[in-house]
Each structure stands twice: as structure tokens, then as C-alpha cells.
Amino acid sequence: MQIQFSIDCADAGHERIENYFTTVINETLKRFDDKITGINVHLADENGDKPGPDDKRCTIEAHAQGLKAVAVTNHADTVEKAIKGAADKMKNALDHAYGKLQKSH
């Protein structure tokens, strides 16, 4: 599964975020590994330097065989929570999309 990153967040090192992203996404979506052709991840701090609740945004877009692109977004107060929440949402979205696909065949 190929993962591409776009990080607009100044509070953490990009390499650390990419390593964390890769681990979380691979673990959370491992059952779809043979179906996912690519993942685009965008992480942003919506308030810039100003602190605020749930100001970290993670959007994950998955390209999977037999489906249109699936995208989810999660907001949280930390980068790690935003990433984990978005990965969990993606797992649920793919479960739902593949479930609907199986019912229609």
C-alpha cells in the first residue's frame, strides 16, 4: 500500500509524523492491504500557532479496487489522535463500502 503525505503542521517533525502515520494506517487497514492501491494523507493545524480545541485535522483518501475514492476527516486536539481517529473512520468507511458492494452482487 503506497502512502503519500501532505503535512501542514508545525508542531511536530515530519519524519516522526510520517513514521507514526505509516504504522497506524498499516495496522488499522491491514485487512484491506490487498485491495488498497494508494492512500493520500493530509494533516493540518487549522489555527496555526494559536492553540485551540480540536484544531488538528487529518484527512485520509483511499483508492481501492472496485470503489470510487473514499475520503474521511477527523479533528482532534493532538496530531496522534487526529491520525488514529481518521484511520479508524477509514476502516469503518471501507467496511461499509465493501459490504454494500457484496450485497449488490
Chi angles and distances behind the side chain to side chain contact (heavy atoms under 4.5 Å, CB included) call for Val79, Leu43
CA-CA 8 Å; Val79 171; Leu43 184 67; 3.4 Å; yes
Tell me, with the steps shown, if Thr59 and Val72 meet side chain to side chain contact (heavy atoms under 4.5 Å, CB included).
CA-CA 6 Å; Thr59 301; Val72 297; over 6 Å; no
Show me the donor-acceptor pairs, under 3.5 Å and distance only, between side chains in residues 20-27 and residues at least two apart or in other chains.
residue: Thr22; atom: OG1; partner: Glu18; partner atom: O; Å: 2.8
residue: Thr23; atom: OG1; partner: Asn19; partner atom: O; Å: 3.0
residue: Asn26; atom: ND2; partner: Thr22; partner atom: O; Å: 3.1

Expected list for residues 91-98: side-chain donor-acceptor pairs under 3.5 angstrom, two or more places apart:
residue: Asp95; atom: OD1; partner: Arg31; partner atom: NH1; Å: 2.9
residue: Asp95; atom: OD1; partner: Arg31; partner atom: NH2; Å: 2.9
residue: Tyr98; atom: OH; partner: Gln65; partner atom: O; Å: 2.7

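At least one side-chain heavy atom of Arg57 sits under 4.5 Å from a side-chain heavy atom of Thr73.
Annotation: the span from Asn40 atom CG to Gln2 atom CD amounts to 8.5 Å, rounded to 0.5 Å. For the atom pair CG (Asp45) and CG (Asp55), the distance works out to 4.5 Å, reported to the nearest 0.5 Å. To the nearest 0.5 angstrom, Met90 atom CE is 7.0 Å from Leu29 atom CG. Rounded to the nearest 0.5 Å, atoms SG (Cys58) and CD (Glu80) are 11.5 Å apart.
Every side-chain hydrogen bond (donor to acceptor under 3.5 Å, both in side chains) that Ser6 has, sequence neighbours left out, goes to His42. Here Thr28 pairs with nothing under the side-chain hydrogen bond (donor to acceptor under 3.5 Å, both in side chains) rule; sequence neighbours left out. Residues satisfying the side-chain contact (heavy atoms from CB on, under 4.5 Å) criterion with Lys81, sequence neighbours excluded, are Ala76, Asp77, Thr78.
Here the shortest heavy-atom pairing between Asn74 and Ala82 reads ND2-O, 3.4 Å.
At distances below 3.5 Å, not a single donor-acceptor pair connects side-chain atoms of Lys56 with backbone N or O atoms of His75.
Here salt bridge (Lys or Arg N to Asp or Glu O under 4.0 Å) pairs that include residues 33-42, with residues two or more places apart or in two chains, number zero.
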